[in-house]
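Worksheet: the structure to be examined is printed underneath.
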Amino acid sequence: AQSVTQLGSHVSVSEGALVLLRCNYSSSVPPYLFWYVQYPNQGLQLLLKYTSAATLVKGINGFEAEFKKSETSFHLTKPSAHMSDAAEYFCAVSVLTSYGKLTFGQGTILTVHP
Amino acid sequence: GAVVSQHPSWVICKSGTSVKIECRSLDFQATTMFWYRQFPKQSLMLMATSNEGSKATYEQGVEKDKFLINHASLTLSTLTVTSAHPEDSSFYICSARGRQAHQGDTQYFGPGTRLTVL
């Protein structure tokens with residue numbers, strides 16, 4: 001079975017600062033990895049995904065993530081935080097044999113200070 | 001593209017009644033839909049996987065007789081919470097996965113339904 005661990009349930013940054021949200025995964029077979037963002041009382045929006053192509057994945061809103069197999073990591077970054085980035089972020093993993101079932105991390109709440 | 005809708009967005013019901021939540025893929029055909037439950041300040045927990053034309057597969061610990069799932073077409077799945085109780089109050093989110101190969105394993109999520117049982 002696969003699993004995801006998000007380090008840090010809360011991350012706080014200043015506007016304009018680097019955003020780094022950490023995600024480590026565990027999987028015995030090649031994984032698909034995703035980052036989703038959730039705004040209060042809303043569903044999840046896909047930010048980006050890794051599906052075994054390029055290891056550096058660029059997503060929407062200036063976010064990107066790098067798949068590092070040796071570190072079993074898929075950290076999410078953004079060079080310069082914006083107030084509108086404040087939300088909860090979820091890392092998720094799936095594998096082909098799970099028929100698309102996603103396993104989510106615990107989530108990280110990002111706060112952006114002016 | 002890849003828009004998923006849910007209806008209603010919120011519902012309040014009395015204990016003992018049943019509530020139906022609809023999940024629709026608006027611009028693509030979804031061979032598989034997933035139902036999640038999210039309690040406050042927690043992550044999403046998968047409840048069941050719904051494949052068009054077949055019975056849903058429930059995760060361990062989820063009562064299939066309480067949470068009835070029907071996936072009658074490639075664009076519609078419904079979740080019925082039967083004999084709802086206050087502990088069923090939660091945020092229910094559906095997602096859909098398309099059949100086109102280029103969509104890979106991406107799930108597209110609906111906006112969620114807030115259920116409050118009094």
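In this text the structure is predicted, and so the values were computed from the model without any measurement. Below, each value reflects all heavy atoms present in this structure, side chains not excepted, and no hydrogens, waters or symmetry copies. Numbered from 1 within each chain, the chains take letters A, B, ... in sequence-line order.
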Cluster link B:Met45 to B:Trp35, ILVMFWY, side chain under 4.5 Å: no
ILVMFWY network linking A:Met83 to A:Val11, side-chain heavy atoms under 4.5 angstrom: yes
Interatomic spacing from CZ in B:Arg97 to CG in A:Leu102 - rounded to 0.5 Å: 9.0 Å
B:Ile93 side, atom CD1; A:Gln38 side, atom CD - distance, nearest 0.5 Å: 5.0 Å
Enclosure of B:Lys55 NZ (heavy-atom neighbours >12, cutoff 6.0 Å): no
Straight-line distance of A:Phe104 CZ to B:Gln38 CD, nearest 0.5 Å: 9.0 Å
Distance in Å, B:Leu46 CG paired with A:Thr103 OG1, rounded so as to fall on 0.5 Å steps: 8.0 Å
Neighbour count above 12 (heavy atom, 6.0 Å) for B:His7 NE2: no
Check: B:Phe109 and A:Gln45 side chains under 4.5 Å, non-hydrogen atoms: no
Heavy-atom closest pair, residues A:Gly105 and B:Ser43: O-OG, 2.6 Å
Proximal component of A:Leu44, with respect to chain B [non-hydrogen, under 4.5 Å]: both
Minimum heavy-atom distance A:Gln42-B:Phe91, with the two atoms named: O-CE2, 3.5 Å
Heavy-atom proximity to chain A below 4.5 Å, by part of B:Gln6: neither
Joint hydrophobic cluster, A:Leu110 plus A:Ile60, side-chain heavy atoms closer than 4.5 Å: yes
Common cluster, A:Val112/A:Trp35, ILVMFWY with side-chain heavy-atom separation under 4.5 Å: yes
Connected via hydrophobic side-chain network under 4.5 Å: A:Leu21 and A:Val93: yes
More than 12 heavy atoms from other groups under 6.0 Å of CZ on A:Arg22: no
Distance in Å, A:Phe34 CZ paired with B:Gln107 CD, rounded so as to fall on 0.5 Å steps: 7.5 Å
Nearest-0.5 Å distance, CD of residue B:Glu59 to NZ of residue A:Lys101: 3.5 Å
